[in-house]
Asker: 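Structure below; questions to follow.
Sequential numbering from 1 along the given sequence is applied to the chain's residues.
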Amino acid sequence: MQTEEILKEVKYEVQFGDKFLIPAIVQDADKHDVLMMAWMDKEALRRTIECGEMVFWSRSRKEYWHKGDTSGNVMTVIDWALDCDSDALLFRVRMKGPQVACHTGSRTCFFKKAEN
């Protein structure tokens, strides 16, 4: 299915921002912890919807990135939603593999606790 056809099936219009990207927040569907945030463009969203696994756009490498291709930490999409302004996405996933979302080896990218 073409990207535009898939996006037409979404109830709300996805608002891609600067450089035609949108933040994609990824949350564990069972444990509810936020695993990571990455960027998507229309094509990454289309690929994610089509294959049912997370695909992102790497701003640094300027290429698509199918989460788990090299690490084995595949993220299977359970469901997804848009925020109230339709300019951020939330994906609830189940991870296959070592249960590590972050490139540092941590389960989540949000392990740096802020101190007051």
Side-chain angles (χ1 to χ4, degrees):
M1 195 178 281
Q2 296 296 318
T3 303
E4 295 306 318
E5 291 173 336
I6 288 177
L7 290 176
K8 283 179 186 174
E9 291 182 12
V10 176
K11 186 176 180 183
Y12 303 100
E13 185 175 337
V14 178
Q15 300 296 319
F16 292 90
D18 188 35
K19 300 182 183 182
F20 305 103
L21 298 173
I22 190 167
I25 300 159
V26 182
Q27 179 183 34
D28 186 286
D30 301 312
K31 297 179 182 177
H32 309 292
D33 50 339
V34 175
L35 301 171
M36 62 181 289
M37 193 288 295
W39 296 97
M40 296 179 108
D41 63 3
K42 285 183 180 182
E43 178 63 13
L45 180 57
R46 183 194 68 77
R47 290 181 186 194
T48 296
I49 292 168
E50 267 196 354
C51 75
E53 297 175 347
M54 295 306 305
V55 178
F56 304 105
W57 173 252
S58 172
R59 296 180 303 166
S60 59
R61 295 189 312 261
K62 305 224 183 312
E63 65 185 13
Y64 293 100
W65 160 41
H66 187 153
K67 181 67 174 159
D69 270 357
T70 57
S71 67
N73 295 304
V74 175
M75 295 177 165
T76 302
V77 176
I78 303 305
D79 58 27
W80 65 286
L82 290 91
D83 75 337
C84 59
D85 296 322
S86 298
D87 62 359
L89 304 172
L90 172 65
F91 289 87
R92 292 184 336 114
V93 302
R94 287 200 178 99
M95 284 196 290
K96 299 175 189 171
Q99 304 293 302
V100 173
C102 186
H103 73 281
T104 65
S106 178
R107 173 175 163 71
T108 173
C109 293
F110 295 94
F111 59 86
K112 296 179 180 180
K113 302 291 182 203
E115 294 184 27
N116 295 335

Asker: Using the side chain to side chain contact (heavy atoms under 4.5 Å, CB included) criterion, which residues pair with Thr104? Sequence neighbours excluded.
Answerer: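 With neighbours one apart ignored, the set is Cys102, Ser106, Phe111.
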
Asker: So, taking the atom named NZ in Lys31 and the one named CE in Met95, what distance separates them when rounded to the nearest 0.5 Å?
Answerer: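 Those atoms lie 7.5 Å apart.
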
Asker: Restricting to side-chain hydrogen bond (donor to acceptor under 3.5 Å, both in side chains), what partner residues turn up for Asp30, sequence neighbours left out?
Answerer: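 Applying side-chain hydrogen bond (donor to acceptor under 3.5 Å, both in side chains) to Asp30 gives Arg94.
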
Asker: Consider only side-chain heavy atoms of I, L, V, M, F, W and Y, link residues closer than 4.5 Å, and tell whether Val93 and Val100 are in one cluster.
Answerer: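 In one cluster with Val93: Val100, no.
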
Asker: Who else is in Val34's hydrophobic cluster (ILVMFWY, side-chain heavy atoms under 4.5 Å, direct or via others)?
Answerer: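 Joined to Val34, directly or through intermediates: Leu21, Ile25, Met37, Trp39, Val55, Trp57, Tyr64, Leu90, Phe110.
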
Asker: Return the set of residues passing side chain to side chain contact (heavy atoms under 4.5 Å, CB included) with Ser71 (not counting sequence neighbours), or none when no residue passes.
Answerer: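 Applying side chain to side chain contact (heavy atoms under 4.5 Å, CB included) to Ser71 gives Asn73.
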
Asker: Scan residues 16-29 for pairs that pass side-chain hydrogen bond (donor to acceptor under 3.5 Å, both in side chains), counting only residues two or more places apart or in two chains.
Answerer: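 For residues 16-29, and leaving out neighbouring residues, the side-chain hydrogen bond (donor to acceptor under 3.5 Å, both in side chains) pairs sorted by first residue read Asp28-Arg107.
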
Asker: Shared ILVMFWY cluster between Val74 and Leu45, side chains joined below 4.5 angstrom?
Answerer: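 Result: no, two separate clusters.
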
Asker: Going only through I, L, V, M, F, W and Y residues with side-chain contacts under 4.5 Å, is there a path from Val77 to Val26?
Answerer: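 Cluster IDs for Val77 and Val26 match.
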
Asker: Lys96: which residues meet the salt bridge (Lys or Arg N to Asp or Glu O under 4.0 Å) condition with it, sequence neighbours left out?
Answerer: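 Result, salt bridge (Lys or Arg N to Asp or Glu O under 4.0 Å) vs Lys96: Glu53.
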
Asker: Scan residues 62-76 for pairs that pass salt bridge (charged side-chain N to carboxylate O under 4.0 Å, His left out), counting only residues two or more places apart or in two chains.
Answerer: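 Listed by first then second residue: Arg61-Glu63.
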
Asker: For the atom pair CG (Asp41) and CZ (Arg59), what is the distance rounded to the nearest 0.5 Å?
Answerer: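 Those atoms lie 12.5 Å apart.
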
Asker: Check whether any side-chain heavy atom of Phe16 sits under 4.5 Å from a side-chain heavy atom of Lys42, and report yes or no.
Answerer: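 A side-chain contact exists here, since the closest heavy-atom pair is under 4.5 Å.
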
Asker: Heavy-atom distance under 4.5 Å between the side chains of Leu82 and Leu89, does that happen here?
Answerer: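 The answer is yes; the side chains approach within 4.5 Å.
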
Asker: Under the rule for side-chain hydrogen bond (donor to acceptor under 3.5 Å, both in side chains), what residues qualify as partners of Asp85, not counting sequence neighbours?
Answerer: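 Expected list: none.
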
Asker: Should the ring pair Trp80 and Phe91 be called parallel, tilted or perpendicular, given that the plane angle runs from 0 to 90° and is split at 30 and 60?
Answerer: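 If you compare the ring of Trp80 with that of Phe91, the planes turn out parallel.
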
Asker: Same cluster or not: are Ile49 and Ile22 linked, directly or through other Ile, Leu, Val, Met, Phe, Trp or Tyr residues, by side-chain heavy atoms under 4.5 angstrom apart?
Answerer: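 Cluster IDs for Ile49 and Ile22 match.
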
Asker: Salt bridge (Lys or Arg N to Asp or Glu O under 4.0 Å) between Arg46 and Glu43: does it pass, once the steps are laid out?
Answerer: CA-CA 5 Å; Arg46 183 194 68 77; Glu43 178 63 13; 2.5 Å; yes

Asker: Indicate the atoms forming the closest heavy-atom contact of Cys109 with Met36, along with that distance.
Answerer: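 Closest heavy-atom pair between Cys109 and Met36: SG-CB, 3.7 Å.
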
Asker: Taking all heavy atoms of Met75 and all of Ala101, pick out the closest pair and write down the distance.
Answerer: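 So the minimum-distance heavy-atom pair works out to CE-CB, 3.6 Å.
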
Asker: If I compare all heavy atoms of Met40 with all of Ala44, which pair ends up nearest, and what's the gap?
Answerer: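 Distance-wise, the nearest heavy atoms are CE-O, 3.6 Å.
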
